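I have placed the structure first, in the form of structure tokens, so that the comments after it can refer back to it.
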There are 2 protein chains.
Amino acid sequence: MNKKISFQKVTPILEHHCVNCNLNALCITDRLDPKEIQLLESIVRHPSSLSKGTTLFTKGERFQSVYIVKSGCIKTHIMDGKKMEKVTRFYFPGDLIGLNAVNYDYYYDTATAIETSSLCQLSFEKLDKLSAKIPSLRRKILHLMSRTICDEQKMVQQLTQKNAEERIAAFLLSISNIFKARGFSDTRFRLSMSRIEIASYLGLTVETVSRALSRLHKIEYLIVDKREITILDFPGLHALSSLNSRA
Amino acid sequence: MNKKISFQKVTPILEHHCVNCNLNALCITDRLDPKEIQLLESIVRHPSSLSKGTTLFTKGERFQSVYIVKSGCIKTHIMDGKKMEKVTRFYFPGDLIGLNAVNYDYYYDTATAIETSSLCQLSFEKLDKLSAKIPSLRRKILHLMSRTICDEQKMVQQLTQKNAEERIAAFLLSISNIFKARGFSDTRFRLSMSRIEIASYLGLTVETVSRALSRLHKIEYLIVDKREITILDFPGLHALSSLNSRA
DNA sequence: CGTGTGATTGATTAAAATCAAGTGATGTGG
DNA sequence: CCACATCACTTGATTTTAATCAATCACACG
């Protein structure tokens, strides 16, 4: 179904250096000093490009590396017996993929590019060893994992306490925040994921997602033009989604 | 509403030693050698007893320690504005509480004993420093955090893909597993949590939980006598809950 | 012995799933 | 280039599930 490639075969983007990377503030390198970043860089595999629909790793595959999104967008998902695939998360530039696999020795879900993306690869073994030497890196990894736990807990909360429309509102606000943090417009952006993927991620059906978007458009909280979203009423959306959005 | 105590005031249970602890296989000490356990022990505060309804820490309180359940059962929960409290998780002997607070400097939820419990306290700062010296401990902490992420993701999956009855079935099977792993009967056990807490945890209402239990009783998958559960048909319950239960 | 809490059961309602139909964009092959 | 298929999305009608509203029971506790 999906294209499957080995990481080695993809074209490496040359002259990449962590120190110059514009994602530093969002990345694992945040709060590391230049010398530490250089150490980290020594274990980073230069970012490679992944075309839309290409699978990075598959559930059950041997876990070896974590990946950091350099550009584009990756989804992790689980093929679930009877039901359709379930999207577990979307990853944006700076996000670290694979932390949930540390516990097992194999990947816990499948990662697929939903648009052309590039990623940096880090051997987890090397990262772990390095973190023993760099306390701030060790801390950073712990923090990232802890944050991931909190993120998942927030998701659980959303699923249990928000209705369809509130979930969509919260989702759009979180995407808006993600774009903002990465230096793009937070009022006008293009969703890289399909309605199906949004529905799966939010535990809804496509129809419900579509209807919720239509209604938010109708009450003029936002403009929906296919995957192009323009937010008109931030306070309204915030009030609707009530709970706190992604930090 | 709930009693609140400072950890210092509770009665310490004397002559406690990690090396002799019967929970070792389930605890953070798993796979540490005796010398390492001794090092760990030096930073462990002997277990203290917490009576039912007593709060261990409150959301927003300064994060300093993680806790390991020695006996009893602890719930973490979030008081949520308009709606009722939401139970985020139940913790059983061997479970580590507080990992989601590492990211912030304050606890992310509130921990309360739902039956008389005892806990070991570990300064996270000291644990972190110690983990720099003991690679297997560092690994263990990473694994625990990674597992927690997976657990939360499973929860998300359950909420999006299982109906009320399936969730209850899965919940009871997971409790059964927990008891089994701790050397108790997995076919007959007493739930320490109320129906309200189960409902909150599973994202359902009390009525729905009650009805689901009644129906499972009626079709003779199990016997429900107040909080006493006797499982009659494991295969049936497994089939019903379909997805994989807690490992 | 009343009061409150936890739990169960029933009736009704509301929300989202399901079923169904249709549009528009994209792509394929004749 | 057009006919046809397919996919992503939308909108409508109907059904299903669980929430809500309501009543009752059991039991623990002061």
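What you are looking at is a predicted structure, and each value in this text was computed from that prediction instead of being measured. Reminder, nothing fancy here: chain letters follow the sequence lines and each chain counts from 1.
In this structure, B/L213 places its CG atom 13 Å from C1' of C/dG6, rounding to the nearest Å. Rounded to an integer number of Å, the gap from A/R195 CZ to D/dA8 C1' is 9 Å. One can place CD of A/E166 at 12 Å from C1' of C/dA15, the figure rounded to the nearest angstrom. Distance CG (A/L202) to P (C/dA16): 12 Å, rounded to an integer number of Å. Going from atom CG of A/L191 over to atom P of D/dA8 covers 15 Å, rounded to whole Å. Atom CD1 in A/I196 sits about 13 Å away from atom C1' in D/dT10, given to the nearest Å.
Residue A/S194 is classed as a sugar-phosphate contact, given heavy-atom separations below 4.0 Å to backbone atoms only. Note on A/R227: only backbone sugar-phosphate atoms sit closer than 4.0 angstrom, heavy atoms only; bases stay farther off.
A donor-acceptor contact shorter than 3.5 Å is absent between the side chain of B/S200 and the backbone of B/I196. The backbone N or O of B/L172 lies less than 3.5 Å from no partner atom in the side chain of B/S176, so there is not a single donor-acceptor pair. Counting only distance, with no hydrogens or angles, the side chain of B/E152 and the backbone of B/I149 share no donor-acceptor pair below 3.5 Å.
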Are there any protein N/O atoms within less than 3.5 Å of an N/O atom in nucleotides 13-18 of chain D, and if so, which ones and at what distance?
unit_1, atom_1, unit_2, atom_2, d
D/dA18, OP1, B/A164, N, 2.6

Under 3.5 Å between N/O atoms: give me all the protein pairs with nucleotides 3-5 of chain C, atom names plus distance.
none

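For the residue pair A/E61/A/Y106, the side-chain donor-acceptor check at 3.5 Å is not satisfied.
When A/T112, A/T110, A/T88, A/D109 are each tested for a side chain to side chain donor-acceptor pair (under 3.5 Å) with A/H77, only one passes: A/T112.
Atoms CD1 and CG, from A/I223 and A/L232 in turn, are 4.5 Å apart once rounded to the nearest 0.5 Å.
With salt bridges taken as basic N to acidic carboxylate O contacts below 4.0 Å, none links B/R89 and B/D95.
OP1 or OP2 of D/dC27 sits under 4.0 Å from a side-chain N or O of B/K226.
The six-membered or imidazole ring of A/F184 lies away from that of A/F189, with a centre-to-centre distance of 6.0 Å or more.
The cationic atom of B/K59 (NZ for Lys, CZ for Arg) lies less than 6.0 Å from the six-membered ring centre of B/Y108 and within 45° of the ring axis.
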